[in-house]
Amino acid sequence: MPVLPAGWSPLGLVEHLGHAERHWFQEVFRGAAEPLPWPDEHTPLVTTRSPSQVFGFYRDQCEISDAINAAAPLTATPAGRHPDEPLASQTTDLRRIVLHVIEETARHAGHLDVVRELIDGRTGLGPR
């Protein structure tokens, strides 16, 4: 259910994070991605899938990312490339890709905190 005027939902944001894991570690670093569990019709920050599908997808993508990270040194260069500048030039090795994904995940976790407060007034530290 959308909470903000832009129309995205918390569940859509979690699915987006799964796509980010897949993109950065599989498409960009490894050069090829595992097939999606559904047709490639990704609309950023929106989903029609169930919570169990979305959370399963995110968990699976993180497990693949973890395996990729465990198998390669942080200095390894990507086999693929992000299509847009300036991010393409900022992801020259696995270390920079990891940092980018940490930043993106943290940024979106902040978005989820704000939406949570808008929904029911609670914050990470409890009601105010």
Side-chain angles (χ1 to χ4, degrees):
M1 160 191 226
V3 177
L4 299 176
W8 66 266
S9 69
L11 191 59
L13 185 57
V14 173
E15 184 175 301
H16 168 74
L17 288 171
H19 283 280
E21 290 279 336
R22 181 178 182 271
H23 171 69
W24 288 106
F25 292 109
Q26 295 177 54
E27 293 176 346
V28 173
F29 182 73
R30 194 170 62 191
E34 298 289 329
L36 286 169
W38 46 66
D40 193 0
E41 58 194 36
H42 177 57
T43 303
L45 309 174
V46 176
T47 187
T48 59
R49 284 168 265 292
S50 71
S52 63
Q53 287 176 300
V54 171
F55 286 111
F57 171 67
Y58 181 56
R59 187 174 27 259
D60 292 347
Q61 299 314 301
C62 290
E63 287 175 3
I64 294 167
S65 298
D66 289 347
I68 289 169
N69 282 301
L74 291 173
T75 55
T77 56
R81 184 168 172 84
H82 184 71
D84 300 319
E85 289 293 340
L87 289 179
S89 60
Q90 294 176 13
T91 55
T92 55
D93 58 23
L94 182 56
R95 175 181 285 110
R96 293 188 75 165
I97 291 171
V98 168
L99 289 173
H100 175 78
V101 173
I102 290 170
E103 291 169 349
E104 182 167 357
T105 303
R107 185 171 43 256
H108 290 318
H111 296 140
L112 290 171
D113 280 344
V114 169
V115 168
R116 168 62 189 263
E117 188 172 352
L118 289 172
I119 290 170
D120 63 9
R122 294 181 63 185
T123 66
L125 299 174
R128 299 272 186 230

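No hydrogens, no waters, no symmetry mates; every other heavy atom, side chains included, goes into these values. By convention here, the first residue in the shown sequence is residue 1.
- Within the 4.5 Å cutoff, the side chain of Phe29 has no heavy atoms near those of the Asn69 side chain.
- Between atom OG1 of residue Thr47 and atom CH2 of residue Trp38 there is a gap of 6.0 Å, rounded to the nearest 0.5 Å.
- Every side-chain contact (heavy atoms from CB on, under 4.5 Å) that Ile64 has, sequence neighbours left out, goes to Gln26, Arg30, Glu34, Gln61, Ile68.
- Taking each heavy atom of Ser65 and Phe25 in turn, the nearest pair found is OG-CD1, 3.1 Å.
- Taking each heavy atom of His19 and Phe57 in turn, the nearest pair found is N-CE2, 3.6 Å.
- By the 4.5 Å heavy-atom criterion applied to side chains, Pro73 and Leu94 are not counted as neighbours.
- Of all heavy-atom pairs spanning Asp93 and Thr75, the tightest one is CB-O, 3.8 Å.
- Atom CD of Glu21 is separated from atom CG of Asp60 by 11.5 Å, given to the nearest 0.5 angstrom.
- Shown here are the ring pair (Phe, Tyr, Trp, His ring centres under 6.0 Å) partners of His108, two or more places apart in sequence or in another chain: His16, His111.
- To the nearest 0.5 angstrom, Leu118 atom CG is 11.0 Å from Asp113 atom CG.
- Rounding to the nearest 0.5 Å places NE2 of His23 at 9.0 Å from CD of Glu104.
- Between Pro78 and Thr92, the shortest heavy-atom distance links the atoms CD-O, 3.3 Å.
- We find the CG-OH distance between Leu13 and Tyr58 to be 9.5 Å, quoted to the nearest 0.5 Å.
- Put simply, CG on Leu74 and CD1 on Ile97 are 10.5 Å apart, with the number rounded to the nearest 0.5 Å.
- Both Ile119 and Leu45 belong to a single network of hydrophobic side chains, linked directly or stepwise wherever heavy atoms of I, L, V, M, F, W or Y lie under 4.5 Å apart.
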